[in-house]
Amino acid sequence: AHIMAQFIESGKSAIAVYFDEFNDNPVVHIRATYTDKQGKRGRTRKGVMMTPEVAAQVFQALGDVLTKGPTGEDPFEQG
């Protein structure tokens, strides 16, 4: 199967966004990558794997957060 991937450069590394399969189910990965001394790109353990449905929700949430911009509030504080 041909894996479709997008790589977004981020400092000395890149972030990979790609489809894969896990337990015969399609999943989307957003994963940090590295480049070895031979110039070959590899995956790191840093990242998330989700269903396409959850990825669509993350995409929507990312748009909402970017539109709103920084609020200076801690999203994890119970208030």
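Reckoned from all heavy atoms, side chains included, excluding hydrogens, waters and symmetry mates.
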Study note, to complete from the structure: Interatomic distance, CE@Met50 vs NE2@His29, rounded to 0.5 Å, equals 9.5 Å
Practice item. Compare all side-chain heavy atoms of Thr51 with those of Val27 and state whether any distance is below 4.5 angstrom. Key: no
Exercise for review: Would you list the pairs meeting side-chain hydrogen bond (donor to acceptor under 3.5 Å, both in side chains) in which at least one residue belongs to residues 54-65, sequence neighbours left out?
Suggested key: Gln60-Asp64
Practice item. Answer yes or no: is there a donor N or O on one side and an acceptor on the other, between the side chain of Asn23 and the main chain of Asn25, under 3.5 Å? Key: no
Exercise for review: Give the cluster check for Ile30 versus Val54: same hydrophobic cluster or not, with ILVMFWY residues linked at side-chain heavy-atom distances below 4.5 Å.
Suggested key: yes
Point to revise | Counterpart residues, salt bridge (charged side-chain N to carboxylate O under 4.0 Å, His left out), relative to Glu9 (two or more places apart) | key: Arg41
Exercise for review: Could you tell me the separation between the OG1 atom of Thr71 and the CG atom of Asp74, rounded to the nearest 0.5 Å?
Suggested key: 9.0 Å
Review point. Which atoms form the tightest heavy-atom contact between Pro52 and Pro26, and what is the distance?
Key: CD-O, 3.4 Å
Exercise for review: Can you see which heavy atom on Thr33 is nearest to which on Ala16, and at what distance?
Suggested key: CG2-CB, 3.6 Å
Point to revise | Arg31 side, atom CZ; Phe7 side, atom CZ - distance, nearest 0.5 Å | key: 12.0 Å
**Study point:** Stepwise side-chain contact (heavy atoms from CB on, under 4.5 Å) check, Gln6 with Tyr18
**Key:** CA-CA 6 Å; Gln6 294 282 325; Tyr18 60 97; over 6 Å; no
Practice item. Examine distances only and state if a side-chain atom of Ser13 and a backbone atom of Tyr34 form a donor-acceptor pair shorter than 3.5 Å. Key: no
Review point. Are Val48 and Val58 connected, step by step, through hydrophobic side chains (Ile, Leu, Val, Met, Phe, Trp, Tyr) whose heavy atoms are closer than 4.5 Å?
Key: yes
**Study point:** Within residues 46-67 or reaching into it, pairs that qualify as ring-ring contact (aromatic ring centres under 6.0 Å, His included) - sequence neighbours excluded
**Key:** none
